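One structure below.
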Amino acid sequence: MTLRLTNTLTRRSEPLVPLVPGQVSIYCCGVTVYDLCHLGHARSYIVWDVLRRYLIWRGLAVTFVQNITDIDDKILQRATEEGSSMEAVSERNISAFQADMAALGILPPDRMPRATRCLDGIRALIGELEAKGAAYSADGDVYFAVMKAEGYGKLSGRDLESQQDNASGRVSGAQEARKHHPFDFALWKGAKPGEPSFPSPWGLGRPGWHIECSAMVRAELGESIDIHLGGADLIFPHHENEIAQSEAATGKPLAQLWLHNGMVNVGGQKMSKSLGNFTTIRALLASGVSAMTLRLFVLQAHYRKPLDFGPVALEAAATGWRGLGAALAVGGAAAVGWEAGPEAEPNFEPSPELARQRDAFVAALDDDLNSSSALAVLFELARPLRSLANRLERGELPSPDDRRLEDQWRLLVELAGVLGLKAEASATPAAEPVGGPSEAEIQALIEQRRTAKGAKDYASADGLRDQLRRHGIELIDRPTGVTDWIRK
RNA sequence: GGCGGCAUGGCCAAGUGGUAAGGCAGAGGAUUGCAAAUCCUUUACCCCCAGUUCGAAUCUGGGUGCCGCCUCCA
């Protein structure tokens with residue numbers, strides 16, 4: 001079996017056959033750092049994180065490059081609004097981006113080039129395109145000539161002829177008027193007064209959006225790479241233009257496989273900054289949703305399909321994760337004290353049944369990264385382990401039969417790790433609201449209730465429990481006689 | 001208008017020709033003084049119509065509905 005992925009370029013599922021056997025070069029379109037990242041970004045990067053982890057797990061040497069666009073109109077606009085500089089806005093959001101990705105358990109890219117630090121490559125590429133007649137300059141701007149590009153539109157299925165009528169309606173303004181064709185796009189934008197700018201053979205200015213990716217791919221990974229990643233909203237025009245630029249310059253295919261993730265929707269509509277219906281990653285995490293819950297939420301759907309975000313779906317994921325997390329954590333319980341081997345090198349020979357589950361997991365991911373099916377395997381592996389976790393919680397000791405679950409647990413930990421799912425160190429109850437009863441008060445009430453229960457005065461006991469419940473405190477009577485509590 | 005995608009149980013979601021994974025919710029059971037939590041069991045003929053086939057959720061044609069892209073966007 002080999003991994004097959006749906007290639008946007010051909011609209012078909014194709015096997016991954018690395019250009020260099022054993023190695024996979026991946027370029028992932030990153031963020032424009034004008035603001036905080038939201039769940040749309042989270043989904044995209046979680047999904048690609050799983051792709052990367054899976055390839056590594058399968059023994060491939062992956063080089064993962066993800067860019068940062070740190071020069072762009074929106075960053076400039078933000079800087080103007082807040083009276084700071086483009087650098088200040090960029091730096092702040094890059095830090096936030098990295099912190100958010102780390103909080104989500106996403107592996108950092110091997111290299112993370114920034115547009116402002118790749119200007120030599122960008123200028124060189126524009127120069128080549130101009131020399132080849134693929135680009136033209138006009139009043140300090142440089143544009144790419146789409147009519148001269150072989151196969152323009154092949155990624156997005158667009159045909160220049162049939163688009164023209166529609167597009168012509170948009171030609172307006174000075175910049176549009178300079179273009180030879182409405183679909184021509186800027187490689188270099190001449191600086192307007194007061195804007196940050198960089199020197200170039202065409203005068204002071206800054207790079208267009210698309211050109212940085214073409215330049216970075218070439219600088220970091222070479223003229224042709226294995227996989228190019230991004231959100232489905234980047235197919236046109238961004239990736240279409242990247243292909244046009246790179247292939248006009250090199251004459252070689254930019255990437256073998258183009259993968260695009262579906263959008264996160266809210267109430268059936270795409271989550272986006274412009275619609276204002278977004279939730280930032282940090283706001284969600286701060287609200288008490290764990291990174292693992294979010295990951296489970298994302299991976300329960302296939303990566304190419306739209307994913308509807310809402311409180312109900314999120315709650316379902318949280319409940320699901322509670323079970324899976326409990327199974328993952330059971331091996332570390334003092335009573336069993338199992339140890340997981342290193343994620344990347346399984347150190348055990350699975351039984352035929354476990355081997356079957358493992359194969360099912362692999363087959364699922366091999367089939368265009370079907371994480372939903374892969375999760376089904378995880379839940380099945382987890383079931384007896386959850387049962388064990390529950391028995392341990394009730395104070396039972398593991399039976400000799402439970403020893404047989406050790407391998408199952410190891411397999412679960414290993415496979416869950418491929419999806420980036422890991423037991424959390426501890427379920428930290430969020431530091432809590434002011435105004436509620438203090439811990440000592442709670443303990444005192446629990447003690448009162450214990451006494452009432454001892455006297456079989458259940459009316460009083462239940463009254464005390466209800467009283468605490470009104471403060472969001474849930475009591476849990478353990479079989480051992482101890483009463484624990486949690487804030488809900 | 002052009003291009004692309006999607007429609008599966010109460011909700012989410014796999015499944016691309018051989019008789020419907022998994023999660024959440026619900027129901028029944030175990031446990032509990034009662035709860036909570038937990039564990040076990042259990043719940044579908046797959047948007048509509050026509051066709052191909054021994055056989056279709058899965059293929060073909062038509063219809064209906066929804067979404068994305070065509071401007072910055074993960």
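Convention: sequence-line order gives letters A, B, ...; per-chain numbering from 1. Bear in mind that the values here come from a model prediction, so they are computed numbers and not experimental data.
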Heavy-atom count check: over 12 atoms from other residues, nucleotides or ligands less than 6.0 Å from Arg469(A) CZ?
yes
Find the partner of rC45(B): check Watson-Crick (N1-N3 plus N6-O4 or O6-N4) and G-U wobble (N1-O2, O6-N3) distances, both under 3.5 Å, and reply none if neither fits.
none
Given the structure, check if the side chain of Arg465(A) and the base of rC34(B) hold any donor-acceptor pair shorter than 3.5 Å.
yes
Nucleotide by nucleotide, nucleotides 5-17 of chain B touches protein heavy atoms under 4.0 Å in the pattern (B base, S sugar-phosphate only, - none) -SS-----SSS--
Rounded to the nearest angstrom, tell me the gap between atom CZ in Phe236(A) and atom P in rC70(B).
8 Å
Go through rA74(B), rA35(B), rC70(B) for me and flag the one nearest to the Arg469(A) side chain.
rA35(B)
Under the 3.5 Å rule, do the base of rG33(B) and the side chain of Asp462(A) count as making a donor-acceptor pair?
yes
Sugar-phosphate only, base, or nothing, as touched by Asp72(A) at under 4.0 Å among non-hydrogen atoms
nothing
Return the pairing partner of rG9(B) with a 3.5 Å limit on both distances, Watson-Crick or G-U wobble; otherwise return none.
none
Looking for any heavy atom pair under 4.0 Å, which part of the strands does Gly262(A) touch: base, sugar-phosphate only, or nothing?
base
What integer number of Å spans the P atoms of rC6(B) and rU58(B)?
14 Å
If you apply the rule side-chain hydrogen bond (donor to acceptor under 3.5 Å, both in side chains), what do you find for Tyr303(A) with Asp368(A), and how did you get there?
CA-CA 9 Å; Tyr303(A) 77 92; Asp368(A) 200 23; 2.7 Å; yes
Whole-Å gap separating P (rC72(B)) and NE2 (His38(A)):
16 Å
Could you tell me how far apart Leu9(A) (CG) and rC69(B) (P) are, to the nearest whole angstrom?
21 Å
Strictly below 4.0 Å, heavy-atom distances to any atom of RNA chain B: list the hits from residues 374-390 of chain A, or just say none.
Ala376(A), Phe379(A), Glu380(A), Arg383(A), Arg386(A), Ser387(A), Asn390(A)
